[in-house]
Structures are given as C-alpha cells and as structure tokens.
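These notes are about the structure you will find just below.
Because the structure is predicted, anything quoted here is derived from the model rather than measured. Whatever order the structure lists ligands and atoms in, that order sets their numbers, starting from 1.
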Amino acid sequence: MSIDAIRALPPLREVIARHGLSASKALGQNFLFDGQLLDRIARVPGSLDGERVYEVGPGPGGLTRALLATGANVVAVERDSRCLPALAELSEASGGRLRVIAGDALEVDEAAEAGVGAHIVANLPYNVGTALFVRWLSSETWPSWWRSLTLMFQKEVAERIVAAPGGSAYGRLAVLAQWRSTARLAFPVHRSAFVPPPKVMSAVVHITPAAQPDGVRMADLERVTAAAFGQRRKMLRQSLKGVAGALDALETLGIDPQRRAETLSVAEFVEIARAIRA
Ligand code: SAM
C-alpha cells in the first residue's frame with residue numbers, strides 16, 4: 001500500500017544529507033520538515049483522496065509526501081536538478097501517483113500537464129511566487145483550469161491578497177484575488193518552521209474560484225486598479241483622469257470622485273470596469 005510506503009520513507013533530513021541538498025538562496029529554497037505542519041497544509045483544500053494536485057517546487061519532497069499521504073495524484077515541477085533523485089525515490093514509493101517534471105514552472109503548460117480540475121498546492125519559491133499567482137488569477141476563461149489554490153506566501157503578501165478596503169495592504173493584488181474568487185488566510189507559519197529560516201514570517205492562503213461578474217473584462221479592471229492604486233494617495237478624480245470614461249462612470253455610479261482608491265470596495269472597482277467598457 002503506497003501510503004504506508006510513503007510514511008515509511010527515511011526522514012527528510014536524512015534524504016537531504018544523502019543527496020547533498022544544501023538550500024540555494026538563488027532558487028528561493030526554504031525547506032519544511034515538520035510533518036504535522038506539512039499535513040496541515042495538505043488538508044487546507046479539503047479531502048484530496050483521488051484528486052489531482054499540481055505542486056510547484058517540491059524540493060526534497062516534504063509537502064509532496066504529505067500530499068501523497070492524502071491519496072492524491074501529484075504532478076510536481078522542480079527546477080533544481082539536484083532534487084530529482086530524491087523525488088524519484090518518492091515517486092517509486094508512491095506507486096505511480098507522483099510524476100515529476102524537471103523544469104521552470106513559468107514555462108510549463110500547466111493545464112496540459114496537471115489536467116483541468118487539479119488543485120494547486122505549493123510552498124512557493126518567493127522569487128517566482130507572485131508571478132505565478134498573478135498568472136493563475138488572470139486566466140481569460142473562468143473558472144480556470146485549477147480547482148483551488150493553497151499557497152505559502154510571505155505574510156505581508158498573504159495580507160495583501162486577503163486585504164479588505166481601508167488599509168495600506170489593500171491594492172491591486174486584493175482586487176485581482178477577490179473580484180471572482182474567495183480568498184482567505186488559512187494560517188500563519190512562523191519563520192522558524194523553515195530550513196533555513198527566511199527573514200520574514202509566512203502564511204498559507206486558500207483561494208477558490210467564484211462566479212465572474214457579468215460584462216467585465218479583466219483588462220478594464222486592471223486599467224482601473226493600476227491607475228487608482230498607482231496614485232493611491234490622490235483622489236479618484238485625479239488618479240483616474242487618464243482612464244477613458246472613468247470619471248463619467250464615477251458620476252453615473254454615484255461614487256464620490258473625492259474618494260481615494262483604498263476606500264473602494266472590490267464590487268465598486270468591478271462596477272467602474274463594467275461601466276468603462278460600455
Ligand atoms: N516544497 C518544498 C518544501 O516545502 O520544503 C520546497 C519549497 S522551497 C520554498 C521552493 C522550491 O521551488 C525549491 O525546491 C526550488 O528549487 C523550487 N523552484 C524555484 N524556482 C522554481 C521554478 N521557477 N520552477 C520550479 N521550481 C522552482
């Protein structure tokens with residue numbers, strides 16, 4: 001039984017020592033060894049038994065082990081070729097439930113590799129984390145190919161993703177993450193949980209797709225949020241001057257042009273984006 005085979009694998013620290021996997025800063029490597037924490041992350045999407053999971057950056061395979069132990073089928077993309085032998089051992093123990101792709105996650109045809117309906121779960125490399133996240137949320141078609149996102153971020157980035165209006169954390173990332181998704185902070189993770197510990201605290205974020213509001217184009221929403229938050233201290237009548245139709249839209253919608261970007265709800269941004277399209 002492959003779940004028992006995974007539980008019986010040698011401790012991660014031993015695997016790392018045997019394969020000489022010293023953490024590379026350039027590849028954003030901060031490894032997790034705490035089995036309880038890894039199991040907790042793997043539980044965030046709900047039951048994964050028999051589900052497909054796409055993991056970015058398995059490294060020595062700690063989170064991958066926890067995902068396989070749920071009964072999931074995992075496709076994992078790893079850029080560091082030093083990790084491949086350790087991952088091959090894990091693949092062997094998984095009884096064919098782990099497929100490893102050697103390469104850069106930014107260049108993978110994810111929907112084709114992981115399949116439509118896969119859950120994305122990753123302790124992301126910080127240097128590519130936001131780029132991947134923006135790509136996953138910017139899909140033309142909605143809902144996208146993925147069923148849910150469970151992602152480790154620096155705490156400050158996680159707070160920007162789930163931020164409500166009114167504070168300095170609220171901005172383009174919050175609107176992008178919330179206009180057609182539900183985003184929540186699952187739990188914080190102390191920096192000391194990682195080897196080596198990064199300078200900052202982390203947090204796991206969970207995102208599920210919601211219904212996309214009718215008549216709104218992503219490109220229009222991006223133009224409005226880029227302009228509004230690009231000059232976030234200015235009143236909307238100033239910051240939205242360069243966006244064709246935006247000032248008329250404020251008037252039609254009854255949104256006070258003296259307000260500032262961070263006071264607008266996600267729904268108000270959506271209304272402005274819809275109005276400038278028309
Ligand atoms: N998942 C492991 C864990 O939780 O211990 C490792 C997480 S570590 C923060 C990030 C991993 O992403 C590293 O293994 C690193 O080599 C890998 N990585 C970095 N850039 C990558 C990229 N562009 N594509 C795929 N993997 C990448």
*Do Trp136 and Glu110 have a side chain donor and acceptor closer than 3.5 Å?*
yes
*Identity and separation of the nearest protein heavy atom to atom 1 (N) of ligand 1*: Gly57 O, 2.8 Å
*asked:* Measuring centre to centre across the rings, with the benzene-like ring taken for any Trp, is Phe153 within less than 6.0 Å of Tyr126?
replied: no
*Say whether His19 and Glu14, considering side chains only, have a donor N or O and an acceptor N or O under 3.5 Å apart.*
no
*When you measure from atom 15 (C) of ligand 1 to each heavy atom in Glu78, Arg65, Glu107, Glu55, which option holds the nearest one?*
Glu78
*Hey, does Leu32 sit under 4.0 Å from ligand 1 if you only count heavy atoms?*
yes
*Heavy-atom distance to atom 20 (N) of ligand 1: which of Ala76, Pro125, Gly103, Ala131 wins?*
Pro125
*Output the list of atoms in ligand 1 that are nearer than 4.0 Å to some heavy atom of Arg79, sorted by atom number.*
21 (C), 22 (C), 23 (N), 24 (N), 25 (C), 26 (N), 27 (C)
_Minimum heavy-atom distance Gly28-Asn127, with the two atoms named_ = N-ND2, 3.8 Å
*Angle class for the Phe269/Tyr170 ring planes (parallel below 30°, perpendicular above 60°, tilted otherwise)?*
tilted
*Without hydrogens or angle criteria, can the side chains of Thr64 and Glu55 be said to hold a donor-acceptor pair below 3.5 Å?*
yes
_Selection from Leu124, Val56, Asp104 by shortest heavy-atom distance to atom 23 (N) of ligand 1_ = Asp104
*asked:* So if I count the atoms of ligand 1 from 1 in the order they appear, which ones are less than 4.0 Å from some heavy atom of Val77?
replied: 25 (C), 26 (N)
*asked:* Does only the side chain of Pro58 get under 4.0 Å from ligand 1, or the backbone, or both, or neither? Count heavy atoms.
replied: backbone
*With backbone taken as N, CA, C and O and side chain as the heavy atoms from C-beta onward, which portion of Met152 lies under 4.0 Å from ligand 1: side chain, backbone, both, or neither?*
neither
*Between Gln29 and Asp80, is any side-chain donor less than 3.5 angstrom from a side-chain acceptor?*
yes
*With a 4.0 Å cut-off on heavy atoms, is Gly61 touching ligand 1?*
no
*Under 4.0 Å from a heavy atom of Gly59: give me the atoms of ligand 1 that qualify, with their elements.*
14 (O)
_atom 4 (O) of ligand 1 [closest protein heavy-atom partner, distance rounded to 0.1 Å]_ = Asn123 ND2, 2.8 Å
*Hey, does Cys83 sit under 4.0 Å from ligand 1 if you only count heavy atoms?*
no
